Participant: 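Here it is, the structure in full.
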Protein chains: 2
Amino acid sequence: MRKKVAELAGVSEATVSRVLSGVGSVKQETAKRVLEAAERLNYVPSALAQRFALRKSGNLGVILPMLPKVNLFSTYYFSEVLSGIGIAAKRRGYDLLLLFREPEEPRDYANLFRTQKIDACILIGAQDVPSEREALAELKEGHHPFCLVNQRFGGEAYNSVDADQGAGLREAVRHLLARGRRQIGFLNGPAVYSNSRDRLDAYREALAEAGAAYEPERVLLGNYSRKTGYLQAKAVADLVRAGRLDAVIAANDRMAIGLLQGLKELGIRVGDELALIGCDDSDVVRMTDPPLSSIRVPFFDIGREAAERLLDAVANPADAAPFDVKLPVELIERASSMPDGTT
Amino acid sequence: MRKKVAELAGVSEATVSRVLSGVGSVKQETAKRVLEAAERLNYVPSALAQRFALRKSGNLGVILPMLPKVNLFSTYYFSEVLSGIGIAAKRRGYDLLLLFREPEEPRDYANLFRTQKIDACILIGAQDVPSEREALAELKEGHHPFCLVNQRFGGEAYNSVDADQGAGLREAVRHLLARGRRQIGFLNGPAVYSNSRDRLDAYREALAEAGAAYEPERVLLGNYSRKTGYLQAKAVADLVRAGRLDAVIAANDRMAIGLLQGLKELGIRVGDELALIGCDDSDVVRMTDPPLSSIRVPFFDIGREAAERLLDAVANPADAAPFDVKLPVELIERASSMPDGTT
DNA sequence: GTGAAAGCGCTAACAT
DNA sequence: ATGTTAGCGCTTTCAC
């Protein structure tokens with residue numbers, strides 16, 4: 001095929017290669033002939049062969065847990081991050097290889113590099129557990145470029161792009177205080193996610209800063225699912241009725257919505273008796289009643305930033321310093337946290 | 001690397017290859033030595049080189065429109081279908097190559113095969129427009145295996161996996177009639193999606209079958225976005241107040257939710273004055289007030305089925321008959337369509 | 001059952 | 001500026 005193009009254009013195969021890959025110098029006129037010949041024979045070079053010859057897969061891997069039953073992600077989170085990564089990868093000529101990891105599957109990330117399936121990878125939904133730490137350490141040791149999204153590992157300087165969850169939580173607390181709330185609770189997620197820990201720390205700091213009381217009983221625990229939010233409604237309602245709680249910040253929107261539904265059934269008026277704020281500002285918060293205040297996280301940008309930085313590092317390993325980006329978040333105020341909050 | 005494994009095992013490179021790829025016959029004992037050697041040297045074959053030699057990319061392409069601003073998909077739809085495809089591909093040893101198509105980008109699907117980036121592909125969100133038809137015709141002509149998801153093209157026997165939207169709509173109409181509703185409207189999406197046309201046909205059939213009146217003014221049009229549902233609230237409210245409408249079926253949940261919000265603002269009590277049913281049964285329908293009745297579509301299964309059938313066809317081109325699968329849907333009844341519907 | 005060698009379709013020196 | 005040639009790391013005949 002390529003040979004026929006070369007013949008038709010009256011040049012060698014090497015020249016065909018040069019023209020089509022834009023590497024090396026060729027006379028304008030020769031290039032034109034080659035292009036025409038390729039056009040006529042409907043020829044395009046095999047990316048597979050190119051990549052093999054170059055010893056680069058041309059793929060950016062995205063590793064993420066199999067979705068069914070994974071509560072950490074709203075589908076919103078997932079779609080946004082992935083789109084951001086997709087855009088950035090595309091602009092840089094990389095293809096996106098999607099790698100689902102099933103729950104019991106070993107985290108053999110380094111193998112993806114050894115088999116040359118990917119040139120770099122982004123990890124979504126990594127957890128701070130020993131097997132994950134080992135897998136990441138192996139990547140690091142093998143000098144395989146990777147980047148974490150929305151997760152970091154204490155003590156390890158891994159590339160990561162995250163939202164500034166702490167700042168968001170502090171802002172939420174300040175907002176509630178400004179609105180006259182004094183007894184602010186926090187519904188958090190599991191500590192295997194660094195976000196959970198960051199938010200808890202910020203929650204305590206913000207309370208301390210304002211001279212407000214920190215009370216352990218006001219910190220509730222869920223697993224980021226709607227259901228666990230729903231299940232905490234009873235405890236929250238009791239505290240509210242006892243006059244010991246007038247606001248709750250939930251660590252994600254799903255739990256906030258579950259809590260909202262549970263409270264509604266228990267007759268607690270959210271937005272009035274109790275102010276409620278979620279995190280993520282996913283697409284569902286506009287659909288609840290009352291609309292849910294939430295901390296907007298730029299998921300699309302997080303994905304884009306992670307891919308851009310990572311691929312830049314791959315393109316230019318020389319001046320590739322490790323990065324640890326925190327993108328700003330923004331509190332979006334809606335009726336669920338306003339004193340005049342109504343339907 | 002491979003050479004060192006061969007040396008260590010005391011065999012030729014060809015034998016190493018045979019052992020690791022499981023092709024050809026090797027003595028048990030030899031195989032064991034090779035495996036140990038590979039293990040010791042931490043060697044795994046390059047998938048890139050293998051695929052190059054085999055002239056197969058090992059990738060299943062998934063083509064989908066860039067998400068931002070695409071209303072057709074809820075993120076729910078997207079995540080579910082993709083997960084289903086991912087599971088099936090993985091089981092068959094294929095990797096998933098995600099290919100975002102930007103709005104103005106030419107639909108040059110065939111090139112993905114020519115460049116050997118993919119061995120087969122699944123198209124999500126295809127539209128019935130000329131450029132799409134051309135691109136698909138080119139795939140067909142080149143004998144490139146592909147499968148459509150949730151879309152079909154009249155007159156073309158392309159592989160496709162879809163939900164039985166017509167059956168779902170008929171069931172919804174019957175449900176409403178059984179609940180005493182007599183004046184049923186339909187909020188549809190654009191006709192470039194075959195689903196829209198299928199549903200409209202089924203809507204008319206079901207009405208005719210029941211001897212109920214079909215009135216054009218009761219068919220409203222949106223673009224599958226929440227916003228267009230919201231914008232139709234005024235027209236719907238007017239019809240309801242005029243006693244000319246007591247139920248609406250929306251072609252997806254997003255529009256249903258927009259409509260629900262709009263109606264609420266206009267003081268129409270959904271579930272009572274007006275019964276409302278959406279389509280997709282996405283994760284948000286449990287979060288609205290009242291909860292939204294919806295037609296459940298097995299998106300995960302659709303993705304899985306598409307990938308399985310397609311990859312089976314690739315594995316066995318001999319007996320690969322074109323397929324056109326319709327998966328059953330199920331009406332999930334909630335308060336928005338029940339006579340006693342309340343919060 | 002195993003080894004030797006050709007070839008997959010490119011890229012990249014090196015030579016001219 | 002262009003042609004020649006040697007790989008890239010596998011698979012796969014074809015001998016033995």
Side-chain angles (χ1 to χ4, degrees), chain A residues 1-38 41-59 93-95 111-119 315, chain B residues 1-38 41-59 93-95 111-119 315:
Chain A
M1 192 73 242
R2 198 183 45 150
K3 181 178 286 180
K4 304 185 67 173
V5 173
E7 280 176 18
L8 208 160
V11 297
S12 72
E13 294 191 46
T15 298
V16 173
S17 181
R18 278 190 271 256
V19 173
L20 270 52
S21 65
V23 174
S25 44
V26 271
K27 223 192 307 181
Q28 274 277 313
E29 203 255 335
T30 317
K32 186 155 151 285
R33 282 209 321 278
V34 171
L35 256 12
E36 283 170 0
L41 282 86
N42 197 19
Y43 166 82
V44 283
S46 160
L48 187 52
Q50 282 179 318
R51 291 163 173 190
F52 168 65
L54 292 171
R55 284 173 292 283
K56 293 186 46 234
S57 70
N59 291 152
Y94 275 82
D95 288 317
N111 234 17
L112 295 167
F113 288 90
R114 286 193 212 103
T115 57
Q116 303 191 68
K117 285 193 175 186
I118 59 177
D119 299 333
Chain B
M1 192 73 242
R2 200 182 46 150
K3 181 179 285 178
K4 304 184 68 172
V5 173
E7 278 175 20
L8 208 162
V11 298
S12 73
E13 293 191 47
T15 297
V16 173
S17 179
R18 278 191 268 258
V19 172
L20 270 53
S21 64
V23 173
S25 45
V26 269
K27 225 193 302 182
Q28 274 277 310
E29 202 255 335
T30 316
K32 185 154 152 288
R33 284 209 319 276
V34 172
L35 256 14
E36 283 171 1
L41 281 89
N42 196 18
Y43 165 81
V44 284
S46 160
L48 187 52
Q50 283 179 317
R51 290 163 172 189
F52 168 65
L54 292 171
R55 287 174 291 285
K56 293 185 48 235
S57 71
N59 291 152
Y94 276 82
D95 288 317
N111 233 17
L112 295 167
F113 287 90
R114 287 193 211 104
T115 57
Q116 302 191 69
K117 285 193 174 186
I118 59 177
D119 299 333

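None of these values were measured; they are calculated from a predicted model. All values below were derived from every heavy atom in this structure, side-chain atoms included, with hydrogens, water molecules and symmetry-related copies excluded.
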Participant: Can you list every salt bridge (Lys or Arg N to Asp or Glu O under 4.0 Å) pair that touches residues 3-19 of chain B, not counting sequence neighbours?
Facilitator: B:Arg2-B:Glu13
Participant: Would one find a side-chain N or O of A:Thr15 under 4.0 angstrom from OP1 or OP2 of D:dG3?
Facilitator: yes
Participant: How many Å lie between CD on A:Gln28 and P on D:dA1, as a whole number?
Facilitator: 11 Å
Participant: Please give, in whole Å, the distance from C:dG1 P to B:Glu29 CD?
Facilitator: 14 Å
Participant: Rounded to the nearest Å, what distance is computed from the CE atom of residue B:Met1 to the P atom of nucleotide D:dC8?
Facilitator: 15 Å
Participant: Checking the side chain of B:Thr115 only, and the main-chain atoms of B:Asn111 only, is there a donor and an acceptor separated by less than 3.5 Å?
Facilitator: yes
Participant: Any carboxylate oxygen within less than 4.0 angstrom of a Lys/Arg side-chain nitrogen, looking at A:Asp119 and A:Arg51?
Facilitator: no
Participant: Output the rounded distance in Å from NZ (B:Lys3) to P (D:dG7).
Facilitator: 10 Å
Participant: Determine, for nucleotides 9-16 of chain D in 5'-to-3' order, which nucleotides have protein heavy atoms under 4.0 Å from the base (write B), from only the sugar-phosphate (write S), or from neither (write -).
Facilitator: BBBBB---
Participant: Determine all donor-acceptor pairs shorter than 3.5 Å in which one atom belongs to a side chain in residues 41-49 of chain A; sequence neighbours excluded.
Facilitator:
unit_1, atom_1, unit_2, atom_2, d
A:Ser46, OG, A:Leu48, N, 3.2
A:Ser46, OG, A:Ala49, N, 3.0
A:Ser46, OG, B:Gln116, NE2, 2.8

Participant: When you compare the side chain of B:Phe52 with that of A:Gln50, does any pair of heavy atoms fall below 4.5 Å?
Facilitator: no
Participant: Are OP1 or OP2 of C:dT2 and a side-chain N or O of B:Ser12 less than 4.0 angstrom apart?
Facilitator: no
Participant: Could you measure the distance from the CG atom of B:Leu35 to the OG1 atom of B:Thr30? Nearest 0.5 Å is fine.
Facilitator: 11.5 Å
